[in-house]
Structures are given as C-alpha cells and as structure tokens.
Number of protein chains: 2
Amino acid sequence: MALRNAVMAALLEGEASGYDLAKGFEASVANFWMATPQQLYRELERMEGEGLVSARVVQQERRPNKRLFSLTEAGRRVLRAYVAGGPAKPLAIRDELMVKVQCVDIGGAEDVAAVLAAVAERVERSTAKLARYRRMQERMLAGRTEDEYLATAERVGPYLTLQGGIALEKGNIQWGETVLERLAQRAAALGGGPAATLSG
Amino acid sequence: MALRNAVMAALLEGEASGYDLAKGFEASVANFWMATPQQLYRELERMEGEGLVSARVVQQERRPNKRLFSLTEAGRRVLRAYVAGGPAKPLAIRDELMVKVQCVDIGGAEDVAAVLAAVAERVERSTAKLARYRRMQERMLAGRTEDEYLATAERVGPYLTLQGGIALEKGNIQWGETVLERLAQRAAALGGGPAATLSG
DNA sequence: TTAGCTTATTCATATAGTTGACTATGGCAA
DNA sequence: TTGCCATAGTCAACTATATGAATAAGCTAA
C-alpha cells in the first residue's frame with residue numbers, strides 16, 4: 001500500500017499510462033521507488049476501483065490503444081493526507097553489490113577480480129545515470145539559476161528529489177572509485193602471494 | 001533467494017544466532033540488506049535444511065537457550081559461486097521520504113511544514129548513524145592508518161562496505177540540509193501569500 | 001519477408017517480505 | 001510486586017514483489 005503513494009506522486013506531473021509509468025516511472029519517481037510493470041498495472045486497477053485515479057482510453061491508430069490515468073480529487077486528498085500524516089518509513093536499501101564487496105576476501109585473486117568488475121560496472125551505470133540527471137536538471141532550470149528556480153517555480157518537489165538522485169549517484173561513483181583503487185593497491189601489495197594460497 | 005547471500009555474508013564474521021542477526025544483522029550487512037526477524041529465522045531454517053549453515057544449541061543459564069549458526073563448507077562454496085558469478089542486480093531503493101518531498105507542492109504551508117519535519121528527522125537519523133559508523137571505523141582501524149589497514153588486514157570487505165554506509169549517510173545529511181534551507185528560503189519568499197491560497 | 005524491437009497490456013504463478021500475536025525467562029526500576 | 005524491557009524464538013496469515021509468458025499491433029533493418 002505504499003506503491004500507490006509513489007504512483008500518485010508520479011501522476012502529479014500529469015496523466016500517464018501504465019506503460020509510461022513502467023518505463024522510468026515518469027523518469028523521476030522511479031529513482032527512489034522501483035516497480036515492475038505488472039505491479040503498476042495491478043495497482044492502477046485497484047486504485048481505479050477505489051476512485052483514487054480515473055482512466056480514459058485513448059484510441060491510437062498505429063499502436064495499441066492505451067489507458068491514461070490521472071489523479072482524481074479523492075486521490076489528491078489521500079495523497080495530501082499521506083504527505084502530512086505519520087512519519088515516513090526509514091529508507092530501505094537492497095544492494096547485492098555491497099553483499100559481494102562484503103565477501104571480497106572469501107577466496108583468491110579471481111574472486112577479487114569478479115568483485116572489482118562488479119564495482120566497475122556500478123560506477124559506469126552511476127556515471128550514466130548522473131549524466132541523465134544533469135540533463136534533466138538543465139531542462140528543469142531552463143536557463144534560470146537554482147535560486148531563481150526555487151523562488152519562482154510552481155513545483156519544486158521534483159527538483160529536490162532530482163537533487164537527491166544526483167547526490168546518491170555522486171556518492172556511488174566516489175565510493176566505487178575509491179574501492180577500485182584500494183583493491184588494486186592491495187592486490188599489488190599482496191602480489192599474488194598470500195592471496196593465491198588462500199584461493200583453494 | 002537473495003536474503004540468504006546477505007545472511008551468509010554476515011556469517012563470515014563468525015557464528016551468530018537468529019536473534020543476533022535480527023538486531024543489526026551483525027551491525028554491518030544490515031546497512032544494505034534489511035530483514036525482519038521472522039524472515040531471518042525462516043531463512044536460516046531453510047538454509048540449515050539445505051546444508052548451507054549448521055546450528056549448535058548453546059545452553060544458557062539466565063536466558064533462553066540459543067542456536068548459533070555458522071557457515072558450512074557447502075555454504076561457503078555457494079557464497080563464493082555467488083560472488084564470482086553473474087552481475088549483481090542494480091541497487092534497489094525504497095524511500096518514502098522522497099515520495100513526500102516529490103509531493104511537497106501539493107498543498108499549503110502545513111504540508112510543506114510536514115515534509116520539512118520529515119526531512120529534519122531523516123537528517124537526525126543519518127547523523128546518528130554516521131556517528132555509529134565512525135565509531136565502528138575507529139574500532140576496525142585500531143590505531144592504524146587506512147593505508148596500513150588495507151594493506152595488512154586479513155579481511156577488507158567489511159571496511160569497504162562501511163565506507164559505503166558512511167558515504168551514503170553523508171550524502172543524506174548534505175542533501176537533507178540543503179532541502180531544509182531551500183524550503184525555508186522559499187517559504188520566506190512566498191511569505192504566506194500564494195502558498196496560502198493554494199491550500200484549499 | 002522474416003526476425004527483432006517498441007508500444008501496450010494481461011494472466012498465472014512463484015517468491016519474498018510484513019504484521020501481529022504468542023511462549024518463556026530473567027533483570028531492573030518504580 | 002507489578003510492569004516493562006531484553007533475550008530468544010515460533011506460528012499463522014497476509015500483502016507485496018518478481019518472473020515468465022501470452023497477445024496484438026506496427027515499424028525497421030537485414
């Protein structure tokens with residue numbers, strides 16, 4: 001029952017189809033609340049049943065028809081109550097990469113190399129994501145300075161969460177690069193010696 | 001089937017009871033893989049059935065007996081295969097606070113105030129967590145410099161993931177403080193004028 | 001012209017995660 | 001001396017999430 005809040009938050013930007021939400025979750029909410037397409041379609045249906053969103057079918061000529069959902073007044077009220085109400089649940093993270101890093105000492109050089117590769121991949125992904133975020137930021141600012149934007153824009157929520165995403169990815173990249181360095185240094189220091197004997 | 005990897009990673013530090021794992025997940029793995037006690041007890045039982053962990057009952061005098069689990073050789077092999085194998089799933093985040101921030105423009109000053117309070121709470125929690133991480137770091141280093149530690153310690157995984165936790169919480173704090181500032185500025189700029197009229 | 005991609009959605013099944021209550025024991029403080 | 005907190009765990013029921021496949025249309029490049 002928390003996904004629906006994220007969905008409603010996304011629908012604040014305007015109407016969207018299940019498919020729209022599924023790919024990128026309107027490219028902003030997805031960064032802090034992931035969901036699979038099936039999850040979204042089902043939740044949207046339920047929400048429609050409860051009157052939180054309303055759907056209208058858009059006939060399309062060269063593609064399948066789609067149902068565009070928008071937030072109803074009732075949905076808006078529920079969302080407002082949620083925002084104003086109780087404390088937010090603490091941030092929940094699930095990160096396989098960290099589990100692997102935690103285990104980096106388990107075997108020999110090959111295992112370290114595998115972890116290294118995984119960290120490098122994360123750094124690449126984060127770099128790409130950061131670049132995308134930066135472009136989104138520029139589009140939002142549209143020439144204005146941050147101060148101007150924050151003082152005059154109608155909505156600042158999406159900008160602030162985007163800042164959150166940027167901070168997260170920056171942190172990821174910095175951490176990852178440090179780890180790569182440190183592990184390379186260590187591998188060099190151990191020089192195939194003790195590490196190799198541990199690899200059995 | 002991913003929780004078990006986190007559990008095995010935690011058991012690399014040595015044997016632990018379900019209860020030990022539940023409160024703090026050996027105080028390190030929990031930072032990137034949360035699980036409720038029930039989840040852990042159930043998973044440990046299953047893993048025992050599959051021979052990944054073994055349990056021994058420790059009779060206690062002034063407390064209930066406990067079952068201490070440790071990683072078996074089979075478990076170790078499975079964990080190694082996991083670490084070396086396929087790419088890690090991308091980081092999954094669920095953050096209610098971000099959903100609320102995304103919605104900060106939904107109503108009037110009261111709603112903004114609620115979001116502000118939620119962000120402030122997050123900053124406090126993150127500050128406390130960061131302090132705890134710093135203490136853990138000092139304990140790990142035990143007087144050595146980071147370079148010395150990374151070159152000589154038997155295991156560096158837990159240190160590197162701790163660094164990840166530190167980076168994350170630092171990012172959280174910085175972001176949160178920026179948001180608090182920005183929203184306060186904006187509230188002042190709007191000065192109870194337009195914001196109040198939107199509150200209906 | 002056929003294989004694969006994108007749009008757009010639905011169905012069924014499997015796995016994972018949450019919630020609340022319940023059993024025990026002992027320590028500590030009001 | 002009652003009540004709450006910490007240790008240590010179990011059970012049942014529920015909700016949420018993920019996986020895989022199916023359908024159906026048109027577009028594009030080999």
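A, B, ... follow the sequence lines: proteins, then strands. Residue 1 opens every chain. Just so it is clear, the structure is predicted and the values come from calculations on it, not from any experiment.
- Sorted by first and then second residue, the pairs that involve residues 33-49 of chain A and meet salt bridge (charged side-chain N to carboxylate O under 4.0 Å, His left out), not counting sequence neighbours, are Arg4(A)-Glu43(A), Glu43(A)-Arg46(A), Glu45(A)-Arg67(A), Glu48(A)-Arg67(A).
- Summarising the geometry, the separation between CZ on Arg46(A) and P on dA16(D) is reported as 6 Å, rounded to the nearest angstrom.
- Atom P of nucleotide dT15(C) and atom CD of Glu43(B) are separated by 12 Å, given to the nearest angstrom.
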Query - Test log, rule side chain to side chain contact (heavy atoms under 4.5 Å, CB included), inputs Arg80(B) and Arg76(B) - result: CA-CA 6 Å; Arg80(B) 254 191 100 177; Arg76(B) 219 186 159 75; 5.9 Å; no
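- Contacts of Arg94(A) with the nucleic acid, taken as non-hydrogen atoms under 4.0 Å apart, involve only primed sugar atoms and P, OP1 or OP2.
- For Glu146(A), the salt bridge (Lys or Arg N to Asp or Glu O under 4.0 Å) test picks out Arg182(B), with sequence neighbours left out.
- Per the geometry, CG belonging to Asn65(A) stands 16 Å off P belonging to dT7(C), to the nearest Å.
- Proximity of Ser17(A) to the phosphate of dT7(C): no side-chain N or O atom is located under 4.0 Å from OP1 or OP2.
- Cation-pi geometry between Lys100(A) and Tyr82(B) is met: under 6.0 angstrom from the ring centre, within 45 degrees of the axis.
- Atom CG in Leu44(A) sits roughly 14 Å away from atom P in dA8(C) (whole-Å rounding).
- Atom C1' of nucleotide dG9(D) and atom CG of Leu40(B) are separated by 12 Å, given to the nearest angstrom.
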Report summary line: The contact string for nucleotides 19-26 of chain D, one letter per nucleotide 5' to 3', using protein heavy atoms under 4.0 Å with B, S and - for base, sugar-phosphate only and none, comes out as BBB--B-S
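- The interatomic distance linking Gln59(B) (CD) with dT25(C) (C1') rounds to 14 Å, in whole Å.
- Counting only distance, with no hydrogens or angles, the side chain of Asp111(A) and the backbone of Ala84(B) share no donor-acceptor pair below 3.5 Å.
- Between the side chains of Asn65(A) and Gln59(A), at least one donor N or O lies within less than 3.5 Å of an accepting N or O.
- Between Tyr41(B) and dT10(D), a side-chain N or O to OP1/OP2 separation shorter than 4.0 Å is absent.
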